[in-house]
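FYI, the numbering just counts along the sequence from 1.
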Amino acid sequence: QVQLVESGGGLVQPGGSLRLSCAASGKIFRINAMGWYRQAPGKQRELVATITSSGSTNYVDSAKGRFTISRDNAKNTVYLQMNSLKPEDTAVYYCNANVITQVPGGRQYWGQGTQVTVSS
């Protein structure tokens, strides 16, 4: 019913930058909060950044000052600009969105993930 598709991942050297995009499509009445999560091999998935429908943002401590989350409500798209990347940022990054398809109600949707590798 709702699909989230990520793009923009890849291989980058330490100190480099990447911009991730996630576009939601399908039966969408309203999207509330959107966010990015990441999971490194052998580690638990962690929240990286969130953004509300009004534009309020929150970040994991390790991303503050380096990452910026933004959204385009007209395009149902969320972005994650990642600067000054470090090897410890290497992970599969997942897009998440709380989507209301019909009032009342809503649920969480996940993208399939995009690989980000930071290595020299």
Same apolar cluster (I L V M F W Y, side chains within < 4.5 Å links), Tyr94/Val2: no
Tell me the closest heavy-atom pair linking Met34 and Ile69, and the distance in Å. O-CD1, 4.1 Å
One should read off an interatomic distance between Asn73 CG and Ser53 OG, to the nearest 0.5 angstrom, of 7.0 Å
Is the count of non-hydrogen atoms from other residues, nucleotides or ligands lying under 6.0 Å from Gln108 atom CD greater than 12? yes
Heavy atoms only: give me the nearest Leu4-Ala24 pair and the separation to one decimal. CD1-CB, 3.9 Å
Salt bridge (charged side-chain N to carboxylate O under 4.0 Å, His left out) partners of residues 80-95, not counting sequence neighbours, each pair once: Arg38-Asp89, Arg66-Asp89
Determine yes or no for a side-chain-to-main-chain donor-acceptor pair under 3.5 angstrom, with Thr90 supplying the side chain and Val118 the backbone. yes
Are Val92 and Val116 connected, step by step, through hydrophobic side chains (Ile, Leu, Val, Met, Phe, Trp, Tyr) whose heavy atoms are closer than 4.5 Å? no
With a 4.5 Å heavy-atom cut-off, do Val78 and Ile31 have their side chains touching? no
Please list all pairs meeting salt bridge (charged side-chain N to carboxylate O under 4.0 Å, His left out) that have one or both residues in residues 8-18, counting only residues at least two apart or in different chains. none
With Ser120, which residues qualify under side chain to side chain contact (heavy atoms under 4.5 Å, CB included), at least two apart? Pro14
Rest of the hydrophobic cluster containing Tyr79 (Ile/Leu/Val/Met/Phe/Trp/Tyr, side-chain heavy atoms under 4.5 Å)? none
For Val5, the rest of its hydrophobic cluster, which grows through side-chain links under 4.5 angstrom: none
Of all residues at least two apart in sequence or in a different chain, which pass the side-chain hydrogen bond (donor to acceptor under 3.5 Å, both in side chains) check with Ser84? none
Got a sec, which residues hit side chain to side chain contact (heavy atoms under 4.5 Å, CB included) with Ser17, two or more places apart in sequence or on another chain? Gln81, Asn83
Hydrophobic clusters here meaning ILVMFWY residues chained together by side-chain heavy-atom distances under 4.5 Å, can you tell me if Leu11 and Leu20 are in one? no
Closest non-hydrogen contact found for Leu85 with Met82 is CD2-CB, 3.8 Å
Which pairs with one or both residues in residues 35-73 pass ring-ring contact (aromatic ring centres under 6.0 Å, His included), sequence neighbours excluded? Tyr37-Trp110
Of the non-hydrogen atoms in Leu18 and Gly8, which two are nearest, and what is the gap between them? CD2-O, 3.7 Å
Contact list for residues 49-65, test salt bridge (charged side-chain N to carboxylate O under 4.0 Å, His left out), sequence neighbours left out: Asp61-Lys64
Distance check, rounded to the nearest 0.5 Å: Leu47 atom CG versus Asn96 atom CG? 8.5 Å
Side-chain donor-acceptor pair under 3.5 Å between Ser54 and Thr52, yes or no? yes
Hits for side chain to side chain contact (heavy atoms under 4.5 Å, CB included) against Gln1, two or more places apart or cross-chain, chain-then-number order -> Lys27, Thr101, Tyr109
Partner set under side chain to side chain contact (heavy atoms under 4.5 Å, CB included) for Asn32, not counting sequence neighbours: Arg30, Asn98, Ile100
Does anything in residues 3-15 form a side-chain hydrogen bond (donor to acceptor under 3.5 Å, both in side chains)? List the pairs, not counting sequence neighbours. none
